[in-house]
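Treat the numbers as computed from the prediction; the structure is a model and nothing was measured. Start at 1 and go down the list; that is how both ligands and their atoms are numbered. Only this structure's heavy atoms are used, side chains among them; waters, hydrogens and symmetry mates stay out.
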Amino acid sequence: MAKLKKSLTQAIEERRATPSFDGTPIPAEDLQQILEAGLAAPSGYNMQPWRFVVVQTPEQKKRLRGASFNQGKVEEASAVIVACGDADGWRKDIDLMLQLGRAGGMPESYAAQARNSVSNYMLSFNADQMHGWLNKMVMIAFTHMMLMAESMGYDTAPMEGFEQDKVHEVLKLPLSYWVVALLAVGHLKGDDKYFGGRFDMAHTVFGEEFGKPLK
Ligand SMILES: Cc1cc2nc3c(=O)[nH]c(=O)nc-3n(C[C@H](O)[C@H](O)[C@H](O)COP(=O)(O)O)c2cc1C
């Protein structure tokens, strides 16, 4: 495991959406560490519906840029992690999830009941609800990876500017995949982005009920 260069607090405070990357390749072991942080994320029922396609070759980055409104950083980054959710993942993975859980101490009674509750829950979703559920889960893993990369001294850029159908075509994704966001990882080239500021707590946080200040 690479030594971390920044604490979590520093990574959170210093992270900016990187405007431009210098394109230097990323060592495989660093990429591995970043991806592992994503895989360690929590998810509903531990179903881990995320799937990641890592794009590093110049040709494929160029094609992906074409599917991402021509955003230059897609091509300049060392690696672009395309974060997807698999709407059918739960069907294929439920046995594996229960097996892993049992090995880690999941009670047998929970395992017996989880199979039904997971199926009932997932089957109750329409396509939009499934996409909402996938967005929620995949973005947790995405954020784990973004902050791990920042802690390791990399720069990152999260991106939602892409066309779903075009990314599908470039990456040859299965139909059940839903592309959630792109995470560009690399090293900053030139000046970093200005700090856009954040609303203060009184604007966005309430205590006990809507509209009441947090004491
Ligand atoms: C999920 C997500 C998607 C984003 N998509 C894009 C994008 O496609 N292109 C872009 O230039 N910036 C994109 N951004 C960057 C935001 O504009 C940026 O995070 C925001 O302005 C705050 O700036 P900061 O991240 O430097 O603090 C995205 C950010 C997030 C979190």
Side-chain angles (χ1 to χ4, degrees), residues 5-23 34-35 37-44 48-56 60-87 128-171 173 177-205:
K5 296 195 171 129
K6 292 182 183 182
S7 68
L8 179 60
T9 308
Q10 268 178 309
I12 289 172
E13 282 174 359
E14 294 172 13
R15 183 208 55 78
R16 293 277 67 81
T18 303
S20 186
F21 293 92
D22 70 8
I34 293 166
L35 289 163
L39 304 192
S43 56
Q48 307 164 57
W50 41 71
R51 304 289 183 264
F52 304 111
V53 181
V54 182
V55 176
Q56 295 181 86
Q60 191 66 334
K61 282 194 285 189
K62 189 173 185 165
R63 282 193 282 268
L64 187 60
R65 176 181 181 166
S68 311
F69 300 108
N70 198 31
Q71 295 196 66
K73 45 195 164 187
V74 173
E75 209 175 338
E76 292 169 354
S78 310
V80 182
I81 302 173
V82 183
C84 309
D86 183 359
D128 284 346
Q129 288 168 327
M130 177 53 85
H131 291 159
W133 186 77
L134 292 173
N135 287 342
K136 187 160 54 178
M137 302 307 157
V138 174
M139 283 312 285
I140 302 174
F142 185 99
T143 307
H144 270 210
M145 293 190 292
M146 185 168 70
L147 293 178
M148 176 58 84
E150 292 283 337
S151 298
M152 292 167 70
Y154 286 97
D155 299 298
T156 60
M159 278 175 274
E160 61 179 339
F162 60 84
E163 292 175 85
Q164 188 74 223
D165 294 353
K166 290 188 180 169
V167 175
H168 258 258
E169 203 179 309
V170 170
L171 304 183
L173 297 175
Y177 276 38
W178 171 247
V179 185
V180 175
L182 274 50
L183 180 63
V185 182
H187 291 290
L188 171 71
K189 183 179 77 188
D191 292 334
D192 208 351
K193 205 187 134 201
Y194 58 87
F195 174 53
R198 292 296 186 269
F199 303 134
D200 63 32
M201 238 190 234
H203 192 85
T204 48
V205 178

Chemist: Using modelled atom types and a 3.5 Å cut-off, is there a donor and acceptor pairing between side-chain atoms of T18 and backbone atoms of T156?
Modeler: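 At least one qualifying donor-acceptor pair exists.
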Chemist: For ligand 1, which atoms have a heavy atom of R15 less than 4.0 angstrom away?
Modeler: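 Near R15, meaning under 4.0 Å from one of its heavy atoms, ligand 1 has 24 (P), 25 (O), 27 (O).
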Chemist: Considering only heavy atoms, which of R16, E160, E14, K73 lies nearest to atom 12 (N) of ligand 1?
Modeler: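 Going through R16, E160, E14, K73 one by one, K73 has the nearest heavy atom to atom 12 (N) of ligand 1.
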Chemist: Name the closest protein heavy atom to atom 9 (N) of ligand 1, giving the residue it belongs to and the distance to 0.1 Å.
Modeler: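 The answer is Q71 OE1, 2.8 Å.
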Chemist: How about Y154 and H187: are their ring centres within less than 6.0 Å of each other?
Modeler: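 Distance test on ring centres: under 6.0 Å, yes.
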Chemist: By number and element, which atoms of ligand 1 are closer than 4.0 Å to a non-hydrogen atom of R198?
Modeler: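 Counting from 1, the qualifying ligand atoms are 22 (C), 24 (P), 27 (O).
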Chemist: How far is atom 1 (C) of ligand 1 from its nearest protein heavy atom, and which residue and atom name does that atom have?
Modeler: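 It is M139 CE, 4.0 Å.
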Chemist: Going by the angle between their ring planes, with limits at 30° and 60°, are F199 and H203 parallel, tilted or perpendicular?
Modeler: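 Rings of F199 and H203: tilted, as their planes differ by 30° to 60°.
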Chemist: What are the two closest non-hydrogen atoms of R16 and E13, and how far apart are they?
Modeler: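 That would be NH1-O, 3.6 Å.
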Chemist: List the closest protein heavy-atom neighbour of atom 6 (C) of ligand 1: residue, atom name, distance to the nearest 0.1 Å.
Modeler: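 Minimum-distance protein heavy atom for atom 6 (C) of ligand 1 reads P158 O, 3.3 Å.
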Chemist: Tell me: protein heavy atom nearest atom 8 (O) of ligand 1, and distance?
Modeler: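 Here the closest protein heavy atom is G161 N, 2.8 Å.
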Chemist: Could you walk me through whether W178 and M130 pass side chain to side chain contact (heavy atoms under 4.5 Å, CB included), step by step?
Modeler: CA-CA 9 Å; W178 171 247; M130 177 53 85; over 6 Å; no
Chemist: If you measure from the Lys or Arg side-chain nitrogens to the Asp or Glu carboxylate oxygens, is any gap between R65 and E75 under 4.0 Å?
Modeler: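 Between E75 and R65 there is a salt bridge, with a charged N closer than 4.0 Å to a carboxylate O.
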Chemist: Using only atom types and a distance under 3.5 Å, with no angle test, would you say the side chain of K61 pairs donor to acceptor with the backbone of A77?
Modeler: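 At least one qualifying donor-acceptor pair exists.
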Chemist: In ligand 1, which numbered atoms sit nearer than 4.0 Å to a non-hydrogen atom of A17?
Modeler: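 Here the atoms of ligand 1 in question are 15 (C), 18 (C), 19 (O), 24 (P), 25 (O), 26 (O).
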Chemist: With heavy atoms only and a cut-off of under 4.0 Å, state how K193 meets ligand 1: side chain, backbone, both or neither.
Modeler: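 It is the side chain that gets close, since no backbone atom is under 4.0 Å.
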